[in-house]
> 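Handing you this structure, nothing more for now.
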Amino acid sequence: MIEFCGLSLAHPIVNASGTFDAIAARRCFGDEVLERFPFAAFVSKTVTVAPREGNPPPRLWETAAGLINSIGLPNKGLEGFLIEDLPRLAELPVPLIVNVMGFTPDEVASLVQEIGVRGEVAALELNVSCPNVESGLIMGSDAGETGALVARVRPLTTKPLIVKLTPNATDVGTVAAAAEAAGADGLSLINTVRGMALNPRSATPWLGGVTGGVSGPAIRAVAVAQVAEVAARVSVPIVGMGGVETGRDALDLLRAGASVVGIGTQSFRDPAAGTRVARELAQLRSVGPDRIAAGA
Amino acid sequence: MIEFCGLSLAHPIVNASGTFDAIAARRCFGDEVLERFPFAAFVSKTVTVAPREGNPPPRLWETAAGLINSIGLPNKGLEGFLIEDLPRLAELPVPLIVNVMGFTPDEVASLVQEIGVRGEVAALELNVSCPNVESGLIMGSDAGETGALVARVRPLTTKPLIVKLTPNATDVGTVAAAAEAAGADGLSLINTVRGMALNPRSATPWLGGVTGGVSGPAIRAVAVAQVAEVAARVSVPIVGMGGVETGRDALDLLRAGASVVGIGTQSFRDPAAGTRVARELAQLRSVGPDRIAAGA
Amino acid sequence: MTGAAPLIEDRRRPAPFGRRRAAVIDNEGIGAYRLLRCEDPAGPSPRPGQFYMLAAVQRWGAGAGERPFLPRAFSVMRAREARLEFLLEDVGPGTHRLAELAPGDELWITGPLGIGFTAPVDGRRPLYVGGGIGIAPLAIWQDEMRGGAALLGFRDRQHAAGAALLRDVSIATDDGSAGRRGLVTDLLEDELSSDDVRTVYACGPPAMLEAVRAMCARREVRAQLAMEVGMACGYGACFGCAVATRGGYLRLCLDGPVLDAAELESALVPGAGH
Amino acid sequence: MTGAAPLIEDRRRPAPFGRRRAAVIDNEGIGAYRLLRCEDPAGPSPRPGQFYMLAAVQRWGAGAGERPFLPRAFSVMRAREARLEFLLEDVGPGTHRLAELAPGDELWITGPLGIGFTAPVDGRRPLYVGGGIGIAPLAIWQDEMRGGAALLGFRDRQHAAGAALLRDVSIATDDGSAGRRGLVTDLLEDELSSDDVRTVYACGPPAMLEAVRAMCARREVRAQLAMEVGMACGYGACFGCAVATRGGYLRLCLDGPVLDAAELESALVPGAGH
Ligand SMILES: Cc1cc2nc3c(=O)[nH]c(=O)nc-3n(C[C@H](O)[C@H](O)[C@H](O)COP(=O)(O)OP(=O)(O)OC[C@H]3O[C@@H](n4cnc5c(N)ncnc54)[C@H](O)[C@@H]3O)c2cc1C
Ligand SMILES: Cc1cc2nc3c(=O)[nH]c(=O)nc-3n(C[C@H](O)[C@H](O)[C@H](O)COP(=O)(O)OP(=O)(O)OC[C@H]3O[C@@H](n4cnc5c(N)ncnc54)[C@H](O)[C@@H]3O)c2cc1C
Ligand SMILES: Cc1cc2nc3c(=O)[nH]c(=O)nc-3n(C[C@H](O)[C@H](O)[C@H](O)COP(=O)(O)O)c2cc1C
Ligand SMILES: Cc1cc2nc3c(=O)[nH]c(=O)nc-3n(C[C@H](O)[C@H](O)[C@H](O)COP(=O)(O)O)c2cc1C
Ligand code: FES
Ligand code: FES
């Protein structure tokens, strides 16, 4: 058992928001998903106040050791989430972390308040970073805005508040420090890195949303750097993610300063990837450092 | 022949600074390098005022579809460059672009002045990916600092001035616009993306310089996005680079808005990669768009 | 199973959770296509129209060192005695790698996934309309339906070899090198003119599906379309496979790949096809 | 060529510009090592101590889909009649891929690169000191020198099989399973005690090279060390292979890999070895 922001987790592997839909997975795989749930906590896809259709397709492009997505945060909106999704997510065998995003501080405030009050919810993750959505300036790239936002919503819930940072910022460490100073209980990073691909036929942008976010092994080195940078600046616990494929990659993020590791794109290659990574990580940790190097 | 910032280039492929040492290559391969020179212009490694030893080793780490380097800009310094290297670089069969970096605006000024005045030099490239000694922040990540620097040195030379942007910035488009407004004749991007790796044995940073820069295919989607973003903001020509492996990758950067394409890490896999990419690019351009898609 | 009730859960057989290894039995060339067979002792038998996410265990990420990275979606073409059959065409790095697999190689498979076809109601008879590689899900469905005519369109004679995988077929080829010269929708036009008490089951490239959809809509013939779009996960995790319907976007991997044509304003899905 | 003048350019044979294809002739197991032979009709004959950058044409970037991405450096172990021989040990993704190459497969090669050994001066006799895979460049040098004793250290008997590639050898193994139990530097200590009119040519892991360097410095015996460090390009392009010398960093691929031991304060290069 590990302790993270007051939550007790069976192991340090969780899913990255928006990369595992537990309700959909149950439709595809039945209750085996509950019996063999791959994550120690479940992080929901981002919930916004109003329902969203998401970006026009195509939404995916495969790139060197990675994926570019331009999904556009489709979701049922706050009310739809509370009524339709929350009861079903409450059936999961692990603590529930709800990821939320607002286009204004008021929106964030109502999301935090209305979701934070629900007993099914163990913690909130604040997405201040999604590069796909046109909210003008990305809040999470600015320390002042991020700090102000966290300070504003912090008093509205007693639940742990995790701030999910964007990697598309000049100085992630300072944004992280501002979030901590304003009362964040934890930080998570990295979100996807802004990227783009062209349609080979038409030479126009491939993605319906024009640009997208790069995820997968291609961004792993960026994740290690940013987790280390943030860990050096804050004392709250960190959920590290970005390109984790194996237990060794998870170990690297933990060694860089994370307490918990998120699996995103890798789950697309194997729905049960979380279980494998957790097992590999446990194996690596049960041997000495030299054996780790040899077995890498 | 293509025209770029007043230079006439035989084709649109140049080297990325710091990834091809023409003098060293001549020692290894003899004069065949001159006869079959792979680039339409040669860009020097960054020159600083004082000589630099570079960072302590290890300096390299191989990552998914890429490389992390922490070289630390070793070079002979301005005087050593002018006396030892410039005469030999003048023997190359292509125009010479000298890349310079200063730790203060005064340093940049003397580099631009003393190198710009030399007849062997066709253009200057300003590497602004260096930390400001006072703020610790990277100059090139800030539009104000970049604009002020370019404005300061612009009058000091009549040679074309290309500003090489850093991708590790919240808003590359605004930095680019500031550089253009201050008189840059061209822009080049992307430099490497900040990344890090840990030593599997010791769990400490692998690189002697602690963090490094990611290059290679892993960053290609980031390069396409940033080139497109900058091209939408400026009207000066762009040298696009980042992860180019094939003519198709070069074509993507041109379509995203670049006029010239730089080859970096790919030259490590094949010293003559530039020639192959230029040939593949010419072939792709000689067929219609549908054939391009099919041949991708 | 003819006349299965159109309940969603009858159209979806749940998959074991997680990807599993499957040994390649053989990989046979059929004209321009490959028929890839693998063992699947652990899996349930799929419903016709369902699909699997496939990747090679070895060298998925090989070649130029970049793609394929994600698994690829393939309709099941036949399933018997714990063996699965897929039909594929080499059109890119993923299908290329699968096309070269040999007996003894292994696949990662996840599935069956998605929702399959439903039987006709009101005494209508099934009519299968396939274009190119789109014949795959029609084969297993024709088996289960125990018959019905199949109208199949191909580029040329080499591709038309795939027609041998169904029964009761009429063929059209673009170049007239096999069957009638023209489009499969020409065959469909004729067929529906003489008998429109049909339910159409169609699979093929977007332009063909759109032509089928429009034709059936005009004649008020019910049609189910097995569609394709780029997928990353296949199980509803990524929201990447959005298809616009009259009711908004849906995830094709979860609420498809078989859609009722009436749900669509157009079957011309962006980013699909070659 | 015995007694070649120590001019730099005598120690460096320039390479054709660009990588070239080379057909694998065979790939033979020698104890724990692989002896990889390839054709190189287009290349010049290398100087002993020079190296090549190697990559497989197929599946360099395969396996887990990530590494190897860059080519890898290998000392030439022998070169005759337009054929090159390399000795390698499977220690990671790159050497693993090379170790599995078979006749008919192809390599990308760039080389010869770097600066090789120089002959002894002042009537000194050569003494070769090799550790593990470090025996490779000593073999071609011993050939050219037409003799001289070789002291070789290995982990165990399986690795000691490599000793057959040189002549006039004395062996030490860590576990005593072949030759004397102990380190190759124990052999060197004895040898130099009885006769120090020698020039030592050493190649092996950093700790061994450092012990050799220190011992030779103490006895004022000249030594040339063939060193290893991670390389991305092999031809001076990346500045990644920096090695600290008394005169500052140098690029090992350009000004090495053979260095005069007197240039070094320590041969314990960070990041090298396993
Ligand atoms: C439900 C379903 C069932 C299917 N059934 C079958 C079947 O039975 N048999 C069969 O052969 N195929 C089937 N397909 C199609 C099959 O999945 C694709 O042909 C396959 O994914 C192509 O992969 P590839 O790597 O070979 O080609 P890709 O290069 O991926 O090319 C496929 C298409 O993807 C697009 N594309 C090109 N590059 C990229 C990129 N970098 N990232 C994203 N998209 C790109 C282009 O539109 C291209 O034409 C099915 C698809 C779905 C969704
Ligand atoms: C001039 C020269 C001559 C050589 N001659 C020979 C020879 O004749 N025979 C021979 O077998 N070898 C030789 N080597 C060593 C050989 O180049 C290496 O063993 C090889 O590069 C290892 O590659 P790999 O992918 O198998 O292993 P890697 O995984 O690359 O491991 C090799 C070492 O690199 C480090 N490392 C691990 N992961 C990474 C990473 N992601 N990025 C960077 N470094 C990492 C570690 O220190 C590891 O122990 C020579 C090296 C040089 C420089
Ligand atoms: C298809 C896709 C959808 C995502 N959706 C969300 C989201 O809704 N909210 C969010 O905070 N992050 C989202 N992310 C980002 C991931 O949570 C994660 O930060 C990122 O993918 C890096 O991890 P990975 O490399 O393991 O995928 C998404 C990522 C992908 C690939
Ligand atoms: C080993 C190495 C050294 C580099 N040195 C410099 C440098 O001295 N100055 C500079 O402006 N950019 C330098 N760069 C950045 C490259 O010029 C280029 O912007 C970057 O590598 C992206 O291109 P690529 O992916 O094709 O390598 C260096 C890159 C690498 C990999
Ligand atoms: S393919 Fe991922 S949601 Fe459908
Ligand atoms: S390996 Fe690139 S400079 Fe030596």
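Computed from a predicted model, the values in this text were never measured in an experiment. Any value given below was found using the heavy atoms of this structure, including those in side chains, with hydrogens, waters and symmetry copies removed. Per chain, numbering begins at 1; letters A, B, ... match sequence-line order.
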> Which residue pairs pass the salt bridge (charged side-chain N to carboxylate O under 4.0 Å, His left out) test when at least one of the two sits in residues 238-247 of chain C, sequence neighbours left out?
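For residues 238-247 of chain C: Arg246(C)-Glu265(C).
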> Roughly how far, to the nearest 0.5 Å, is the CZ atom of Arg97(C) from the CD atom of Gln58(C)?
7.5 Å
> Within 45° of the ring axis of Trp108(C) and under 6.0 Å from its six-membered ring centre, is that where the NZ or CZ of Arg20(C) lies?
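No.
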> Quick one: which of Gly234(C), Ala244(C), Cys238(C) has the most heavy-atom pairs under 4.5 Å with chain A, could you say?
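The answer is Cys238(C).
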> Would you please name every residue forming a salt bridge (charged side-chain N to carboxylate O under 4.0 Å, His left out) with Asp174(C), sequence neighbours left out?
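Scan of Asp174(C) (salt bridge (charged side-chain N to carboxylate O under 4.0 Å, His left out), adjacent residues dropped) gives none.
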> Looking at Arg83(C) and Asp40(C), does any basic side-chain N land under 4.0 Å from a carboxylate oxygen?
no
> More than 12 non-hydrogen atoms from neighbouring residues, nucleotides or ligands closer than 6.0 Å to CD on Glu79(A), yes or no?
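Atom CD in Glu79(A) is not packed in, count stays at 12 or less.
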> Salt bridge check: are Glu91(A) and Arg88(A) linked by an N-O gap of less than 4.0 Å?
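Answer for the salt bridge query: no.
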> Identify which of Pro56(A), Ala273(A), Gly208(A), Gly216(A) forms the greatest number of heavy-atom pairs closer than 4.5 Å to chain C.
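So the answer, after comparing Pro56(A), Ala273(A), Gly208(A), Gly216(A), is Pro56(A).
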> Distance check, rounded to the nearest 0.5 Å: Arg47(C) atom CZ versus Glu144(C) atom CD?
4.0 Å
> Taking only residues two or more places apart in sequence, or in another chain, which ones meet Phe29(A) in a ring pair (Phe, Tyr, Trp, His ring centres under 6.0 Å)?
Phe17(C), Tyr235(C)
> Side chain from CB out, backbone as N, CA, C, O: work out which of these in Ala242(C) comes under 4.5 Å of a heavy atom of chain A, or both, or neither.
both
> Using heavy-atom distances under 4.5 Å, tell me whether Pro71(C) contacts chain A through its side chain, its backbone, both, or neither.
side chain
> Heavy atoms only, distances under 4.5 angstrom: which of Cys28(A), Ala272(A), Gly30(A), Pro58(A) has the most pairs with chain C? Name it, please.
Cys28(A)
> Could you tell me which portion of Leu254(C) (side chain, backbone, both or neither) has an atom closer than 4.5 angstrom to a non-hydrogen atom of chain A?
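For Leu254(C), the contact with chain A is made by backbone and side chain together.
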> Heavy atoms under 4.5 Å from chain C: which residues of residues 9-21 of chain A carry them?
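The stretch touches chain C at Gly18(A), Thr19(A), Phe20(A), Asp21(A).
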